[in-house]
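This structure is a prediction, so every number in the text was calculated from the model and none was measured.
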Amino acid sequence: MTTAVPAPAPTDVAPGRPVTAPAVSAGRTVRYAILLISLLLVLIPVYVLVVTSFKGPGDASPARAWALPQLWTMENWTTAWETLSPSIWRSVQMVVPASIISAFLGSMNGFVLSRWSFRGANIVFTLILFGMFIPYQAVMIPLLQLLLELQVPSGIPSLILVHVIYGIPITTLIFRNYYESVPRELIEAARVDGAGMLRTYVSVVLPVSIPSFVVVLIWQFTSAWNDFLFAVFFSSSQNGPVTLALNNLANGALLQNYGVSMSGALLASLPTLLVYIILGKYFIGGLMSGSVKG
């Protein structure tokens with residue numbers, strides 16, 4: 001009995017031509033090389049920050065910036081935390097209400113300007129956007145005089161009010177662009193059912209606004225947390241946010257103790273870093289959700 005031998009599978013390779021693995025394109029190699037170099041450039045300062053934060057006073061010097069600590073110590077972190085912890089808590093008290101209030105105000109503005117249009121809505125929207133292009137330095141002294149006349153307490157209350165006001169233009173822009181992508185049929189259906197503007201906003205528009213709220217909250221949180229100019233004008237080292245306390249830490253008696261300064265910088269940046277790590281994917285998704293119409 002003879003055994004049938006299966007026929008070889010057809011191939012597209014011409015007879016006599018050697019079979020080779022698919023070559024990696026030169027363009028992909030260049031892209032990966034650029035990404036790797038960019039990553040190294042970003043991580044180099046982070047490496048110096050982290051390494052220096054664990055060095056003692058004699059070990060933390062510009063000459064040994066790249067070297068590992070001779071003796072690892074947590075004293076810098078303890079000192080920085082004891083110095084900055086009150087101001088970190090004041091920053092939390094400032095950025096949370098400022099971000100939430102400005103987000104809701106921007107959401108209502110964006111809804112009215114995009115889906116409940118009125119005569120002159122585009123002019124109003126343009127005037128609101130002008131606030132994004134006014135340099136803060138140009139209005140700082142008049143704004144300070146205005147808050148003094150209104151008797152707004154210095155420190156966190158003044159900073160909350162200022163960040164809410166200056167956050168309205170960018171939050172209005174983001175929400176208006178997002179609501180332009182919301183189907184008009186939803187708004188029209190609510191009107192047919194007898195819902196007014198406020199009821200339509202609360203029951204129909206607000207539940208679908210979560211992606212845009214994530215974008216705005218992250219943006220406002222980061223902007224208010226990292227602000228230094230407003231902190232200098234409207235607060236002091238006793239009632240100001242962490243950026244002001246960090247500046248005093250770096251320029252005070254501990255100027256030569258680079259380890260404490262680096263530890264304080266890492267502590268001050270940790271909240272914004274955690275926000276981006278936890279909500280980063282929602283931030284990108286929220287930005288993209290308002291970029292496509294329909």
Check the side chains of Ser107 and Tyr201 for a donor-acceptor pair under 3.5 angstrom, ignoring hydrogens and angles.
yes
Are the side chain of Arg90 and the backbone N or O of Gln238 linked by a donor-acceptor pair below 3.5 Å?
yes
On a heavy-atom basis, which atom in Pro97 and which in Ile160 lie closest, and how many Å separate them?
CG-CD1, 3.7 Å
Donor + acceptor pair across side chains of Arg199, Ser203 (<3.5 Å):
yes
Quick check against the 3.5 Å criterion: does Asn76 have a side-chain atom that pairs as donor or acceptor with the backbone of Ser263?
no
Single-linkage hydrophobic cluster Val30~Leu39, side-chain heavy atoms < 4.5 angstrom:
no
Inspect the surroundings of OH in Tyr32 and state if more than 12 heavy atoms from other residues, nucleotides or ligands are less than 6.0 Å away.
no
Please determine whether the number of non-hydrogen atoms from other residues, nucleotides or ligands lying under 6.0 Å from atom CG of Leu36 exceeds 12.
yes
Correct closest heavy-atom pair for Thr172 and Ile168 would be OG1-O, 2.7 Å
Donor-acceptor side-chain pairing of Gln220 and Ser102 below 3.5 angstrom:
yes
With respect to Phe104, which candidate in Phe175, Phe111, Phe213 satisfies the ring-ring contact (aromatic ring centres under 6.0 Å, His included) definition?
Phe213
Nearest 0.5 Å please: distance from the CG atom of Asp193 over to the CD atom of Glu188.
11.5 Å
Quick check: are there more than 12 heavy atoms from other residues, nucleotides or ligands sitting under 6.0 Å from CH2 of Trp89?
no
Which distance, rounded to the nearest 0.5 Å, do you find between the CG of Asn248 and the OG1 of Thr83?
10.5 Å
Side chain to side chain, Val205 and Val182, heavy atoms closer than 4.5 Å:
no
What about Ile123 and Phe130, same hydrophobic cluster or not, with Ile/Leu/Val/Met/Phe/Trp/Tyr joined at side-chain heavy-atom distances under 4.5 Å?
yes
If you group Ile, Leu, Val, Met, Phe, Trp and Tyr by side-chain heavy-atom gaps below 4.5 Å, do Leu148 and Phe233 land in one group?
yes
Is there a continuous path of hydrophobic side-chain contacts, each under 4.5 Å between heavy atoms, that joins Leu71 to Val260?
no
Would you check if there is a donor-acceptor pair between the side chains of Ser209 and Tyr179 at a distance under 3.5 Å?
yes
Could you check whether atom CD of Gln93 has more than 12 heavy atoms from other residues, nucleotides or ligands sitting under 6.0 Å from it?
yes
Ring geometry between Phe234 and Phe230 (parallel below 30°, tilted from 30 to 60°, perpendicular above 60°)
tilted
Give me the atom names and distance for the closest heavy-atom approach of Tyr47 to Ala67.
OH-C, 4.4 Å
With rounding to the nearest 0.5 angstrom, report the CG to CD1 distance, Leu146 to Ile141.
14.0 Å
Separation of Ser212 OG from Ile174 CD1 (nearest 0.5 Å)
6.5 Å
Can you check whether Ser114's main-chain N or O pairs, donor with acceptor, with Arg176's side chain at less than 3.5 Å?
no
Any side-chain to backbone donor/acceptor pair from Asn247 onto Thr243? Under 3.5 Å, distance only.
no
Any chance you could lay out the side-chain contact (heavy atoms from CB on, under 4.5 Å) test for Trp219 and Ile170, step after step, and finish with the verdict?
CA-CA 9 Å; Trp219 181 278; Ile170 183 63; 3.8 Å; yes
Does the pair Met262 and Lys55 meet the rule for a side-chain contact (heavy atoms from CB on, under 4.5 Å), with working shown?
CA-CA 10 Å; Met262 299 300 181; Lys55 294 180 179 180; over 6 Å; no
Check the pair Asp59 / Thr73 against side-chain contact (heavy atoms from CB on, under 4.5 Å), numbers first and verdict last.
CA-CA 11 Å; Asp59 194 17; Thr73 176; over 6 Å; no
Closest heavy-atom pair, Ala190 versus Val204, reported as atoms and distance to 0.1 Å, is CB-CG2, 4.0 Å
Any heavy-atom pair between the side chains of Val275 and Trp225 that's under 4.5 Å?
no
Side chain to side chain, Leu244 and Val232, heavy atoms closer than 4.5 Å
yes
Where Leu49 and Leu266 come nearest, the two heavy atoms and their spacing:
O-CD1, 4.0 Å
Please report the interatomic distance CG(Leu267) to CG(Leu84), rounded to the nearest 0.5 Å.
6.5 Å
Which atom pair, heavy atoms only, marks the closest approach of Thr222 to Thr272?
CA-CG2, 4.3 Å
Consider only side-chain N and O atoms of Ser236 and Asn239, and report whether a donor and an acceptor are under 3.5 Å apart.
yes
CA sep, side-chain torsions, deciding dist, call: Leu143, Tyr166, side-chain contact (heavy atoms from CB on, under 4.5 Å)
CA-CA 12 Å; Leu143 183 59; Tyr166 273 91; 3.8 Å; yes
Joint hydrophobic cluster, Val162 plus Leu150, side-chain heavy atoms closer than 4.5 Å:
yes
Distance check, rounded to the nearest 0.5 Å: Ile101 atom CD1 versus Leu161 atom CG?
9.0 Å
Close side-chain approach of Asp227 to Pro241, heavy-atom, < 4.5 Å
no
